[in-house]
Amino acid sequence: MQQFFIDSTLEINQEKKLKDDIAHQCIHVLRYQDGKMIRCVDQDGKLALCKIRLNNEELFATPIEFVTNNAEMNCKVTLIQALIRKEKWEYCIQKATELGVYRIVPIELKRNVVHWEKQETNRKLERYQKIMTEAAEQSRRNNIPKLENIIQLSDIDQYKSEINFVAYEAEDSSHLRDHLNHPESITIICGPEGGFEESEVEYLVKHGFISVSLGHRILRAETAGLYILSGIDFMLEGIKNA
């Protein structure tokens with residue numbers, strides 16, 4: 001059953017007009033007819049099973065029942081990801097959304113091979129938000145991750161959590177699993193294709209980030225954050241169920 005996010009509050013038996021892009025997808029792509037059931041998540045994160053009604057190019061949904069569904073991670077994970085090439089970046093944010101990331105923050109570091117021109121920022125953020133919304137719908141999440149504007153290293157304190165990590169390829173004695181103990185929030189920063197400069201890691205450590213290894217293999221820039229998200233979810237689920 002297809003899921004959509006709507007920007008209003010749902011009430012049982014109260015019909016809502018859905019956005020034009022949702023109407024287009026349901027009518028022209030999915031070929032839905034009157035009476036088809038869909039899942040809608042409202043602005044408060046409430047999930048309802050809804051019956052649709054078509055009126056020419058317009059689509060309306062009537063909530064029939066609310067459904068209990070918690071598809072979110074137990075811990076709010078912020079991924080601060082250094083800019084990487086377009087196709088890799090879009091893959092990274094899509095899969096991070098599917099894996100349960102709470103917030104994604106792009107950051108510009110010294111070894112970035114790509115840079116955002118200031119005039120491109122709004123267009124890029126709009127496209128990336130659309131990718132994340134579709135990924136959240138596909139994976140049936142309760143919330144769409146937050147996407148922040150691009151930051152510099154000097155802004156890092158604004159995005160810290162209860163526990164903060166930097167994934168550093170030169171680290172060999174500290175591992176992610178050594179530091180997880182029922183945190184409510186985690187921030188992890190991952191570098192660009194060229195990796196971190198040593199001075200950047202030193203700066204992060206001085207500002208409360210723990211340098212951690214991701215194992216014996218060197219991961220690609222678009223893989224590291226996804227590996228961490230998967231690992232955190234697995235380890236914290238294990239802690240919860242132990």
* Do Leu83 and Phe196 share a hydrophobic cluster (ILVMFWY, side-chain heavy atoms under 4.5 Å, transitive)? -> no
Q) Is it true that Ile104 and Ile107 fall in one hydrophobic cluster, defined by side-chain heavy atoms closer than 4.5 Å? A) no
**Study point:** Glu184 atom CD, neighbour heavy-atom count above 12 within 6.0 Å
**Key:** no
| query | If two hydrophobic side chains count as joined below 4.5 Å and joins carry through other members, does Phe165 share a cluster with Leu204? | reply | no
Quick one: are Leu109 and Leu153 in side-chain contact, heavy atoms under 4.5 Å? yes
The complete set of salt bridge (charged side-chain N to carboxylate O under 4.0 Å, His left out) pairs with one or both residues in residues 49-63, sequence neighbours excluded, reads Glu15-Arg53
Leu54 side chain near Ile27 side chain, heavy-atom distance below 4.5 Å
yes
CH2 of Trp116 to CG of Asn122, rounded to nearest 0.5 Å, is 10.5 Å
Of all heavy-atom pairs linking Gly191 and Gln81, the shortest is O-NE2, 3.2 Å
When every non-hydrogen atom of Ser211 is compared with those of Tyr168, the smallest separation belongs to OG-CB, 3.6 Å
Is a donor on one side and an acceptor on the other found under 3.5 Å between the side chain of Asp233 and the backbone of Ser230? no
* Asked: For Glu198, does the CD atom sit with more than 12 other heavy atoms under 6.0 Å from it, leaving out its own atoms?
  -> no
Test side-chain contact (heavy atoms from CB on, under 4.5 Å) applied to Cys50 and Thr62, step by step: CA-CA 5 Å; Cys50 301; Thr62 300; 5.9 Å; no
For Arg111, is there any backbone N or O sitting under 3.5 Å from a side-chain donor or acceptor partner on Glu197?
no
Original post:
Should we say atom OH of Tyr159 is surrounded by more than 12 heavy atoms from elsewhere, each under 6.0 Å from it?
Top reply: yes
Checklist entry - Got a sec: does the NZ of Lys36 have more than 12 other heavy atoms crowding it under 6.0 Å? => result no
* Please test Lys17 against Leu59 for side-chain contact (heavy atoms from CB on, under 4.5 Å), starting from the C-alpha separation and ending with a verdict. => CA-CA 6 Å; Lys17 182 179 182 294; Leu59 183 72; over 6 Å; no
- Query: Do any N or O atoms from the side chain of Thr223 and from the backbone of Leu219 form a donor-acceptor pair under 3.5 angstrom?
  - Reply: no
Do Phe60 and Leu18 touch side chain to side chain, with heavy atoms closer than 4.5 Å?
no
For Ile210 and His179 the tightest heavy-atom approach is CG2-NE2, 3.7 Å
Discussion item. Is the ring pair His24/His28 parallel, tilted or perpendicular, if the boundaries are 30 and 60 degrees?
Written reply: tilted
side-chain contact (heavy atoms from CB on, under 4.5 Å), that's the test. Do Lys146 and Tyr102 meet it? Break it down for me. CA-CA 6 Å; Lys146 299 178 181 180; Tyr102 171 72; 2.9 Å; yes
Would a 4.5 Å heavy-atom cut-off, applied to side chains only, mark Asn112 and Ile84 as touching?
no
| message | Please determine whether side chain to side chain donor-acceptor pair (under 3.5 Å) holds for the pair Ser8 and Gln43, giving the CA-CA distance in whole Å, both sets of side-chain angles, and the decisive distance to 0.1 Å. | response | CA-CA 5 Å; Ser8 59; Gln43 62 186 7; over 6 Å; no
Point to revise | Cluster link Ile186 to Leu147, ILVMFWY, side chain under 4.5 Å | key: yes
A side-chain contact here means heavy atoms from C-beta on lying under 4.5 Å apart; do Gln2 and Tyr32 qualify? yes
Check your understanding: Under a 4.5 Å cut-off applied to non-hydrogen side-chain atoms, are Met1 and Leu49 in contact?
Key -> yes
Heavy atoms of Leu226 and Cys92 approach each other most closely as CD2-O, 3.6 Å
Separation between OG1 (Thr133) and CD1 (Ile144), nearest 0.5 Å, reads 3.5 Å
Can Ile150 be reached from Ile156 by stepping across I, L, V, M, F, W or Y side chains whose heavy atoms are under 4.5 Å apart?
no
To the nearest 0.5 Å, atom OG1 of Thr97 lies from atom CG of Asn143 at 11.5 Å
- Task: Considering only NZ, NE, NH1 and NH2 on the basic side and carboxylate oxygens on the acidic side, decide whether Glu72 and Arg141 come within less than 4.0 Å.
- Result: yes
- Could you go through the side-chain contact (heavy atoms from CB on, under 4.5 Å) check for Met73 and Ile232 one step at a time? CA-CA 9 Å; Met73 292 178 66; Ile232 288 174; 3.9 Å; yes
Within-4.5 Å side-chain heavy-atom neighbours: Arg103 and Leu79: no
In this structure, CD1 of Ile22 is separated from SG of Cys40 (nearest 0.5 Å) by 7.0 Å
Between Trp89 and Pro106 the two heavy atoms that sit nearest each other are CH2-CB, 3.5 Å
Are Glu134 and Lys130 ion-paired here, with the side-chain N under 4.0 Å from a carboxylate O?
yes
Exam field: side chain Asp44 to backbone Lys46, donor-acceptor pair closer than 3.5 Å:
no
query: Are any side-chain N or O atoms of Ser185 and backbone N or O atoms of Glu162, one a donor and one an acceptor, separated by less than 3.5 Å?
result: yes
* Between the side chain of Asp42 and the main-chain N/O of Ile6, is any donor-acceptor distance below 3.5 Å? -> no
(Q) Given 3.5 Å as the limit, does a donor-acceptor pair link the side chain of Lys19 with the main chain of Asp7, or not? (A) no
So CZ of Phe209 and CD of Glu202: to nearest 0.5 Å the spacing works out to 15.5 Å
Inspect the contact between Glu126 and Arg123 and indicate whether a charged nitrogen and a carboxylate oxygen are less than 4.0 angstrom apart. no
Check the surroundings of atom OH in Tyr227: do more than 12 heavy atoms from other residues, nucleotides or ligands lie under 6.0 Å from it?
no
Discussion item. Are the side chains of Ile228 and Cys190 in contact, using a 4.5 Å heavy-atom criterion?
Written reply: yes
Rounded to the nearest 0.5 Å, the CD atom of Glu193 sits from the CZ atom of Arg220 at a distance of 9.5 Å
**Message:** I'd like to know if Arg127 and Glu90 make a salt bridge, using a cut-off of under 4.0 Å between side-chain N and carboxylate O.
**Reply:** yes
Taking every heavy atom of Tyr128 against every heavy atom of Ile93, the minimum-distance pair comes out as CB-CD1, 3.5 Å
